[in-house]
Amino acid sequence: MAEIVAIKPAVTEGPVAARLEKGVLRLTLSNPPANALSLTVMAALTEELERAKDDKSVRVIVLSAAGKVFCAGHDLKEMTARRADPDRGRAFFEKTFAACATLMQAIVRHPLPVIAEVDGLATAAGLQLVASCDLAIASHDATFCTPGVNIGLFCSTPMVALSRNVSRKHAMEMLLTGETIDAATAKEFGLVNRVVPREYLNQIVTKYAQTIASKSSLVVKVGKEAFYAQAEMGLADAYAHTGRVMVENMLARDAEEGIGAFIGKRKPEWTDE
């Protein structure tokens, strides 16, 4: 059986703190008060995500943040300072938004499930980060907004992730008004899965993560990849693609084991093969 073992949590520090315990890798944005997505932070987070791909002990990833703000989006002070460059900052802006796109796609395309643990404000690219995750669980105190329209910079890249999570009308409401919504409204819109009391947030997210971590990592990887692939296809192509995926999945050892265990009324022993 694929066991989830962690004798002592592995911890690394920096702008993104990493902690591995019982198969759950917790990546914490650690540059309060804003936890802004500077180039350094985005590079560190992308690096941690890439590293996790090759670590067999990691089965689920949780994104959280230190302080009262989950993530305030891009570092506007860092970007504004580059307006003094000869090109008025164009090259730096291009590099920043390209790095952000790489990060968000790294989450969506990651073979492991990624859960956002949101407590506090998630705004602009911070909201984009939440929307890019597979699951999002928020405290009652969490708030969300895409306020770019208020400062003359429409949230065009956050719009990509937002519009793939909520309805068009709800996305346009947030993008055009720039107003902040509370956690209950975010759940109603479909941006988050659950809203829980702050004091239980970590506990509930950990329970979700460990529940998923107990499944076959091969099957979870296959399922996540197929989910996002079929979502971009037409109906006929989606059925054709997922039919092929299910055939290959059916031939996997874990499918044979899982179905056999179900029929035999016993607990499956996963090999992740």
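As the structure is a computational prediction, the values presented were derived from the model and not from experiment.
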Exercise for the section: Report the C-alpha separation of L29 and L45 in whole Å, then their side-chain angles, then the decisive distance to 0.1 Å, and conclude whether the side-chain contact (heavy atoms from CB on, under 4.5 Å) test is met. Expected result: CA-CA 8 Å; L29 298 178; L45 188 50; 4.3 Å; yes
Practice task
Determine, stepwise, if the pair R26 / T206 fulfils side-chain contact (heavy atoms from CB on, under 4.5 Å).
Solution key: CA-CA 9 Å; R26 178 175 288 272; T206 298; 3.8 Å; yes
Practice task
Check the pair I212 / I115 against side-chain contact (heavy atoms from CB on, under 4.5 Å), numbers first and verdict last.
Solution key: CA-CA 10 Å; I212 297 170; I115 305 173; 4.2 Å; yes
Problem - Pair T40-N31, side-chain contact (heavy atoms from CB on, under 4.5 Å): steps then yes or no - result: CA-CA 11 Å; T40 299; N31 59 325; over 6 Å; no
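Here the shortest heavy-atom pairing between I107 and C133 reads CG2-CA, 3.9 Å. The two atoms that bring V220 and P113 nearest to each other are CG1-CG, 3.3 Å, heavy atoms only. Across S30 and G14, no two heavy atoms sit closer than the pair CB-O, 3.6 Å. Considering every non-hydrogen atom in both M104 and S132, the closest pair reads SD-OG, 3.4 Å.
Note on L218 and V245: same hydrophobic cluster, where clusters join Ile, Leu, Val, Met, Phe, Trp and Tyr whose side-chain heavy atoms are under 4.5 Å apart, directly or indirectly. Note on L191 and V69: separate hydrophobic clusters, where clusters join Ile, Leu, Val, Met, Phe, Trp and Tyr whose side-chain heavy atoms are under 4.5 Å apart, directly or indirectly. Hydrophobic clustering, with ILVMFWY side chains joined whenever heavy atoms are under 4.5 angstrom apart, keeps M246 apart from I259. Y208 and F227 end up in different hydrophobic clusters when Ile, Leu, Val, Met, Phe, Trp and Tyr side chains are linked at under 4.5 Å. There is a path of hydrophobic side-chain contacts, each under 4.5 Å, that joins L39 to L27.
Residue pairs meeting the ring pair (Phe, Tyr, Trp, His ring centres under 6.0 Å) criterion with at least one member in residues 57-111, sequence neighbours excluded, are H74-F97.
The environment of NZ in K95 is sparse: at most 12 heavy-atom neighbours from other residues, nucleotides or ligands sit within 6.0 Å. Counting heavy-atom neighbours within 6.0 Å of E273 CD, excluding the residue itself, gives a total above 12. Annotation: R168, atom CZ; neighbour count of heavy atoms from other residues, nucleotides and ligands within 6.0 Å does not exceed 12.
Under the 3.5 Å distance criterion, the side-chain polar atoms of D254 are matched with a main-chain donor or acceptor of T271. Although no hydrogens or angles enter the test, the distance criterion places a donor-acceptor pair under 3.5 Å between the side chain of N165 and the main chain of A161. Without hydrogens or angle criteria, S214 side chain to T211 main chain gives a donor-acceptor distance under 3.5 Å. N193 places no side-chain N or O within donor-acceptor distance of the main-chain N or O of I137, the cut-off being under 3.5 Å. When atom types are taken as modelled, the side chain of W270 and the backbone of E257 share no donor-acceptor pair closer than 3.5 angstrom. Under the 3.5 Å distance criterion, the side-chain polar atoms of D119 are left unmatched by any main-chain donor or acceptor of D141.
For the pair E269 and R253, the salt-bridge criterion is not met [side-chain N within less than 4.0 Å of a carboxylate O].
Checked against D85 for a side-chain contact (heavy atoms from CB on, under 4.5 Å), the options R83, R82, R88 give a single hit: R82. Checked against Y228 for a side-chain contact (heavy atoms from CB on, under 4.5 Å), the options E225, K224, Q230 give a single hit: K224.
Using a 3.5 Å distance cut-off with no hydrogens or angles, the side chains of S38 and D75 do not pair a donor with an acceptor.
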